[in-house]
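Here's the structure, in structure tokens; my notes come after.
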Amino acid sequence: MASTPTPDAHSATPVIMDGWKTAAIPGAGGEKRAGGSRLLDGLNPQQRQAVEYRGQALLIVAGAGSGKTSVLTRRIASLLENREAWPSQILAITFTNKAAAEMRDRVRALVGQAAEGMWISTFHSACVRILRREAENFGFTKNFTIYDSSDSRVLIKRIIKEQGADVLGFTPANVSAKISKLKNELADVDSYARNANMDDPNEAAFLSIFRAYTRALTAANAFDFDDLIGQTVYLFRAFPLVAAAYRTRFHHVLVDEYQDTNHAQYALIRELTRPPAVEDGALVAAGNGASLTVVGDSDQSIYAFRGADIRNITEFEHDFPGAEVILLEQNYRSTQNILTAANSVIANNFDRKDKKLWTAVGDGEKIVGYTGYSGHDEAQFVADEIEKLHAAGTPYSDVAVFYRTNSQTRALEEIFIRSALPYRIMGGTKFYERAEVKDAMAYLVSVANPADTLALRRILNTPKRGIGPATETALFSFAEDNGLSFRDGMREATALGLGPKVTNAILSLSALLDEGAKLVAEGKVADVLSLLVTQSGLIEALRRSHDPQDEARAENIEELVAVAKEFERNNPDGELVDFLTEVSLVAAADDLDDSSGTVSLMTLHTAKGLEYDAVFLTGIEEDLLPHRMSASEPGGPAEERRLFYVGITRARKRLYLSLAMTRAQYGETAVAMPSRYLQEIPAELIEWRQSPGMANSRGGTQPRALNANRSGWSGTTGNALADRPLTEKRDWPNRITNQVRNNGDLELASGDRIRHTDFGEGRVQTVTGEGAKRIAHVAFDSAGFKKLLIKIAPIEKI
DNA sequence: CTCCCATCATTTTTT
DNA sequence: ATGATGGGAG
């Protein structure tokens with residue numbers, strides 16, 4: 001097959017880090033070296049076996065921190081180095097773009113140039129690549145749009161409304177979840193219809209929505225996220241010659257994080273690794289299909305809610321008879337204390353294969369526990385500890401704070417800002433999900449794929465140009481009545497007989513898009529975008545707005561233009577659709593920049609696959625760490641436990657577990673209970689700086705902290721907050737920690753005495769930074785040393 | 001058609 | 001507490 005895969009866009013951000021430099025194991029030096037290859041240097045016997053095994057199917061059960069990326073990259077490198085495969089015959093699939101980029105970099109570090117022709121990508125980008133190439137074969141064109149979940153949501157919402165299904169209790173959220181689930185099971189409208197009970201009005205209504213949604217996608221020449229996988233499988237099954245081409249091409253398929261694959265992804269792997277036979281075509285059965293290597297750890301399966309099927313990994317040997325299974329249990333990441341905690345927690349999941357991580361590095365520090373009065377209190381503890389670590393030489397970038405839900409970031413952020421602690425939130429509302437960025441992207445999409453009515457309707461009145469819902473509907477039915485596409489209907493807007501102002505607005509938008517399309521031919525992605533966002537008045541409108549946030553929005557759009565320029569630089573031959581694809585498929589963990597010198601904040605899900613010297617697990621409370629929603633799901637609590645396990649095993653040297661006695665949610669403050677998982681960690685491993693009292697109260701010795709008198713409650717001493725005068729605590733939980741004050745241009749110099757609402761009196765030691773970012777370093781009389789952002793700290797000079 | 005205000009639901013995790 | 005949504009006035 002003639003193919004020149006474009007280099008992965010993300011390879012532009014090299015993250016060369018061979019974490020296994022430290023993997024030299026005492027005692028392993030005497031092992032014989034197969035082929036004298038440096039690729040086996042520093043590997044333990046199981047790791048070597050995983051690199052060297054050759055067979056049809058290999059399952060590497062890789063515990064957390066057991067060096068699986070190292071094994072995977074060396075395995076690829078050894079295939080290349082021994083001339084067992086050409087780069088183009090290798091397909092490696094990872095979970096995130098970041099993991100793909102890292103893998104490519106590490107293979108490149110091992111074998112150099114040969115790393116270039118390989119396909120190393122996520123399921124989604126690999127499928128997009130295949131689909132773009134083959135789109136014409138089955139009713140799509142190669143410039144199809146990729147709808148992310150919010151796009152699908154918008155479309156579904158519209159359909160629900162059109163069909164009046166909202167009265168039946170259908171919401172965009174539950175419908176899209178159900179459709180997604182079906183697609184992950186490779187069901188389509190027809191197969192669903194065959195099994196549906198049409199006497200059930202609910203089911204009939206759902207089917208009708210599903211059908212309309214599918215039609216709308218096809219009409220818009222668009223795929224949603226799940227289609228990318230499902231349609232590729234369909235393509236392979238419906239067009240054997242196409243499938244055969246890929247089966248012939250890929251001789252080695254490697255899949256990372258196999259425990260998180262869903263049924264559709266499993267089916268895709270199966271299709272790819274089948275022998276390349278065609279019944280009555282040119283090809284004949286030719287022995288074996290591609291060899292398959294999968295790496296995973298069922299204890300780290302945390303995406304069941306999204307359709308990941310843990311059976312894919314637990315039944316691998318059954319699915320692929322003759323498969324070899326290799327266990328990697330030696331951990332090179334964490335201290336023994338951390339691993340013991342992780343092992344004891346995960347041991348409570350009953351239906352798992354026993355697996356115990358161990359390390360040769362020794363016990364290390366104890367795990368530190370802390371119970372705050374409120375989420376803000378907890379956050380203050382985290383901030384203080386991070387400052388201590390930093391003062392002791394741990395760079396901010398080696399510290400991470402994890403939490404179960406995104407809403408927990410609020411308290412952390414407030415405190416971190418006040419403490420002048422540099423931090424970064426991974427995931428959350430992503431850059432590309434911001435409304436203004438999506439608006440700008442919709443302009444580009446409208447140029448690239450004129451059939452995408454969803455994108456067109458999005459920009460029709462953004463910025464405001466007087467085209468309201470009434471006009472939109474008129475335009476829509478006009479196009480329909482005349483057998484025109486929506487886009488062509490815009491061109492003929494004069495025929496609608498609308499007011500001159502509105503007609504003009506439509507025509508000039510249409511003309512602008514045409515102009516953009518002309519420019520696309522010259523391959524200037526950034527120029528096209530720039531033209532669209534300026535000529536449409538999008539940026540101008542934000543600039544003129546009185547909303548103070550709009551200035552930042554305008555900057556975001558300019559940032560997007562900069563991203564497009566960057567894309568052009570990295571991909572000289574890149575087309576508009578390639579840029580759109582790249583933007584559509586970025587993930588939460590992808591924009592992680594290790595060199596940024598900031599503390600990383602992220603959800604436990606985003607944390608998978610990452611590691612830090614010091615890790616803070618926050619909000620270890622009932623209803624939050626087993627999350628309330630998980631209680632009703634079948635396997636929910638077990639999955640939540642795995643999530644906890646994933647979090648624990650991210651830590652190299654230090655692990656902190658924190659919780660709060662009350663937590664604010666929905667603007668209300670509710671009492672919180674310590675998580676049941678805390679008791680699963682042997683008590684001697686945790687040093688409680690301020691204990692929940694409850695960690696052992698279920699055993700029955702100490703009174704429950706939560707029932708005790710607030711002001712009289714005290715955990716262990718030695719902590720600043722616990723030692724604070726009780727009078728200050730009276731207003732707990734909210735008043736103390738939430739306060740922010742605008743100090744304007746308060747001048748402070750070293751030696752000044754100040755009073756802080758929370759920390760009492762103290763003396764300024766130094767002041768650093770400029771203007772709004774001036775930071776006071778203060779030694780408080782009783783609360784210890786703190787950094788404060790002067791502009792907003794609740795302080796006064798005395 | 002646009003703007004403003006009141007009401008409402010929202011918070012589990014994401015390729 | 002905050003952001004989205006819908007109704008009503010201008």
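Each chain gets a letter, A, B and so on, in the order its sequence line appears, and its residues count up from 1. Here the structure is a predicted model, which is why all the values come from computation and not from measurement.
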message: Quiz question: by atom type and distance under 3.5 Å, do the side chains of A/Tyr213 and A/Ser176 form a donor-acceptor pair?
response: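 Distance-only check fails for A/Tyr213 and A/Ser176.
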Polar contact flag, side-chain donor to acceptor under 3.5 angstrom, A/Glu622-A/Tyr677: no
Does a side-chain N or O from [X] land closer than 4.0 Å to OP1 or OP2 of [N], or not?
X        : N      : value
A/Asn461 : B/dT2  : yes
A/Asn406 : B/dT13 : yes
A/Ser149 : B/dT15 : no

Write down the distance between [atom1] ([X]) and [atom2] ([N]), rounded to a whole number of angstrom.
X        : N      : atom1 : atom2 : answer
A/Asn174 : B/dA9  : CG    : P     : 14 Å
A/Asn184 : B/dT14 : CG    : C1'   : 12 Å
A/Leu625 : B/dT13 : CG    : C1'   : 11 Å
A/Asp256 : B/dT15 : CG    : P     : 15 Å
A/Ile620 : B/dT12 : CD1   : C1'   : 15 Å
A/Lys98  : B/dT14 : NZ    : P     : 16 Å
A/Lys501 : B/dC1  : NZ    : C1'   : 9 Å
A/Gln231 : B/dT15 : CD    : P     : 21 Å

Closest contact, heavy atoms only, A/Asp260 versus A/Ile302: OD1-N, 3.5 Å
message: As a quick check of understanding, evaluate side chain to side chain donor-acceptor pair (under 3.5 Å) for A/Thr122 and A/Ser125, giving each step before the final call.
response: CA-CA 5 Å; A/Thr122 62; A/Ser125 6; 2.5 Å; yes
task: Report yes or no: is the ring centroid of A/Phe305 under 5.5 Å from the six-membered base ring centroid of B/dT13, with the two planes under 30 degrees?
output: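 Here A/Phe305 meets both the 5.5 Å and the 30° conditions.
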Could you tell me whether [X] and [Y] have a side-chain N and a carboxylate O separated by less than 4.0 Å?
X        : Y        : value
A/Glu621 : A/Arg404 : no
A/Arg132 : A/Asp578 : no
A/Lys183 : A/Asp188 : no

- prompt: Should the heavy atoms of other residues, nucleotides or ligands under 6.0 Å from CZ of A/Phe305 be counted, would the total exceed 12?
  reply: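 It does: A/Phe305 CZ has more than 12 such atoms within range.
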- line: Heavy-atom nearest nucleotide on DNA chain B taken for A/Val502 and for A/His605; more 5' hit belongs to A/Val502
Quick check for you: among [options], whose closest atom lies nearest to any side-chain atom of [X]?
X        : options                : result
A/Thr471 : B/dT12, B/dC3, B/dC1   : B/dC1
A/Tyr303 : B/dT14, B/dT11, B/dC1  : B/dT14
A/Met629 : B/dT13, B/dT12, B/dT15 : B/dT12
A/Thr122 : B/dT11, B/dT14, B/dT15 : B/dT15

task: Using the P atom on both, measure B/dT11 against C/dG6 and round to a whole Å.
output: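 Each nucleotide's P atom is 16 Å from the other's.
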- request: Determine the Euclidean distance between corresponding P atoms of C/dA4 and B/dT13; express it in Å to zero decimal places.
  value: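 Looking at atom P only, B/dT13 and C/dA4 are 16 Å apart.
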Classify the nucleic acid contact of [X] as base, sugar-phosphate or nothing, counting any heavy atom under 4.0 Å across all strands shown.
X        : value
A/Asp226 : nothing
A/Leu624 : nothing
A/Ser407 : base
A/Phe123 : nothing

- prompt: Under the 3.5 Å rule, do the base of B/dT15 and the side chain of A/His124 count as making a donor-acceptor pair?
  reply: yes
- prompt: Between the side-chain atoms of A/Arg628 and the base atoms of B/dT12, is any donor-acceptor pair under 3.5 Å?
  reply: no
message: Just so I know, are the side chains of A/Met490 and A/Leu460 near enough to count as touching, which here means a heavy-atom distance under 4.5 Å?
response: yes
message: Within the 4.0 Å limit for protein heavy atoms, which parts of nucleotides 1-7 of chain C are touched? Write it as a string from 5' to 3', B for base, S for sugar-phosphate only, - for none.
response: BS--SS-
